[in-house]
Amino acid sequence: MFWFGKKKKKKEEQARLRAEEEARAKLLAEEMKRAEEMKRAEQQRLEEKQRAEEAARAEKEAQAAAAPTEKEASSPCTEGQPDADGEGAPAEEIPEEATRKNGSFEIKRTSDGRYMFNVRAGNTQIIASSQIYSSMAACKGGIASVGANAPLANIEDQTLQTLNEEKCPKFRIYFDKGGKYRFSLIATNGQNILSCSQGYIQKSSCKNGIRSVINNASSPTVILDSKDK
């Protein structure tokens, strides 16, 4: 009897040890599972953060490409185009029918290898010209900005005795140094993105030029130098 009781007690002890071992193994497995889940969650968080940073960086680069630099924004159009406030010869008076669609944006290289674009009306007359851009991408961004802002822009006539200041985006009508009418397109951010090429004798022609820009805001883009497409 004594021997049987001792053997039984030994079996119970072994069973207890096995149970404890199994409990420890189970606990260890659960801890490892939790650690793996935490690792996957952390990896997913890092990947999402990286994707967000890449998206933000891409958006910032796109905005930088779309907007001219401070130097570009302050540079007047060259290639035969007068300064926006210059005293160049008056532009051809624009008839009402010339404001119709079927115009185009034309991108061209400047003499120093940079880029600009013209808005050409349906009658083939150049209505307005952009600032100078350092890259093709920035020039295309300027065209996109005209397409986005022109249809929404009101007209602020600074030639009137009483000025009604409009919010951006807006077309600004003003006198140049030679007393002729000119217009420029100001984007939502207050940046001048487009100016008429030369002055107008008649305000009605200046307004027709504005209507032509609006009507042709979604016109196709023509790149005059094919190697830059």
Side-chain angles (χ1 to χ4, degrees), residues 52-81 83-84 94 98-156 166-173 182-197 206-229:
E53 289 176 349
E54 290 175 352
R57 183 164 55 251
E59 182 178 0
K60 185 176 181 180
E61 290 174 354
Q63 291 175 349
T69 63
E70 181 178 352
K71 181 179 180 181
E72 291 168 349
S74 62
S75 300
C77 294
T78 55
E79 293 294 297
Q81 300 295 345
D83 181 24
I94 302 177
T99 64
R100 67 185 184 276
K101 295 184 179 180
N102 301 323
S104 64
F105 291 93
E106 292 182 346
I107 295 178
K108 60 182 291 186
R109 278 183 179 271
T110 62
S111 59
D112 60 359
R114 294 187 291 172
Y115 301 87
M116 64 167 290
F117 65 85
N118 294 319
V119 180
R120 192 177 290 275
N123 67 345
T124 74
Q125 181 179 345
I126 293 178
I127 302 300
S129 300
S130 72
Q131 304 292 344
I132 305 298
Y133 297 89
S134 61
S135 68
M136 175 68 74
C139 192
K140 289 181 177 180
I143 292 175
S145 183
V146 173
N149 286 280
L152 304 177
N154 293 315
I155 296 178
E156 180 180 285
E166 299 286 347
K167 294 182 179 180
C168 295
K170 63 185 175 183
F171 284 96
R172 182 171 61 100
I173 297 178
R182 289 180 181 268
F183 71 83
S184 59
L185 175 59
I186 312 300
T188 304
N189 62 0
Q191 186 177 57
N192 186 336
I193 55 176
L194 193 70
S195 298
C196 60
S197 301
C206 188
K207 290 184 175 181
N208 284 344
I210 291 174
R211 281 194 288 272
S212 182
V213 171
I214 295 173
N215 290 339
N216 289 287
S218 59
S219 295
T221 298
V222 178
I223 301 176
L224 299 183
D225 190 346
S226 59
K227 68 182 181 180
D228 289 319
K229 290 183 180 178

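The structure presented is a predicted model; accordingly, all values stated were derived computationally and were not measured.
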A.B. asks: With side-chain hydrogen bond (donor to acceptor under 3.5 Å, both in side chains) as the test, would you mind laying out the steps for Y115 and R109 before giving the verdict?
C.D. replies: CA-CA 5 Å; Y115 301 87; R109 278 183 179 271; 3.0 Å; yes

A.B. asks: Considering all heavy atoms of both residues, which atom of P220 and which atom of G103 are nearest to each other, and what is their separation?
C.D. replies: CD-O, 3.8 Å

A.B. asks: Report yes or no: do S219 and S104 form a side-chain donor-acceptor pair below 3.5 Å?
C.D. replies: no

A.B. asks: Between CG of N154 and CZ of R172, what distance do you get to the nearest 0.5 Å?
C.D. replies: 15.5 Å

A.B. asks: Could you report the tightest heavy-atom contact between C168 and G190, atom names first, then the distance?
C.D. replies: SG-CA, 4.1 Å

A.B. asks: Indicate the atoms forming the closest heavy-atom contact of Q131 with N192, along with that distance.
C.D. replies: CG-O, 3.9 Å

A.B. asks: Is there a donor-acceptor contact under 3.5 Å from the side chain of N118 to the main chain of R120?
C.D. replies: no

A.B. asks: Rounded to the nearest 0.5 Å, how far apart are CD1 of I132 and SG of C139?
C.D. replies: 8.5 Å

A.B. asks: When rounded to the nearest 0.5 angstrom, what distance separates CD1 in I210 from OG in S184?
C.D. replies: 8.5 Å

A.B. asks: Specify whether Y133 and F117 have parallel, tilted or perpendicular ring planes, treating 30° as the upper limit for parallel and 60° as the lower limit for perpendicular.
C.D. replies: parallel

A.B. asks: Looking at E156 and K170, is any side-chain nitrogen of the basic one under 4.0 Å from a carboxylate oxygen of the acidic one?
C.D. replies: yes

A.B. asks: Would a 4.5 Å heavy-atom cut-off, applied to side chains only, mark V119 and F105 as touching?
C.D. replies: yes

A.B. asks: Pick one: which of I186, V146, I143 meets side chain to side chain contact (heavy atoms under 4.5 Å, CB included) with I193?
C.D. replies: V146

A.B. asks: To check you understand the geometry: which heavy-atom pair defines the closest contact between A128 and V213, and what is its length?
C.D. replies: CB-CG2, 4.4 Å

A.B. asks: Would you please say whether a donor-acceptor pair under 3.5 Å links the side chains of N149 and T188?
C.D. replies: yes

A.B. asks: Is any side-chain heavy atom of I107 less than 4.5 Å from a side-chain heavy atom of M136?
C.D. replies: yes

A.B. asks: Hey, are the side chains of R211 and I127 touching, using non-hydrogen atoms and a 4.5 Å cut-off?
C.D. replies: no

A.B. asks: Quick one: does C206's side chain get under 4.5 Å of R182's, heavy atoms only?
C.D. replies: no

A.B. asks: Test side-chain contact (heavy atoms from CB on, under 4.5 Å) on I173 and I155 and set out the steps.
C.D. replies: CA-CA 7 Å; I173 297 178; I155 296 178; 3.7 Å; yes

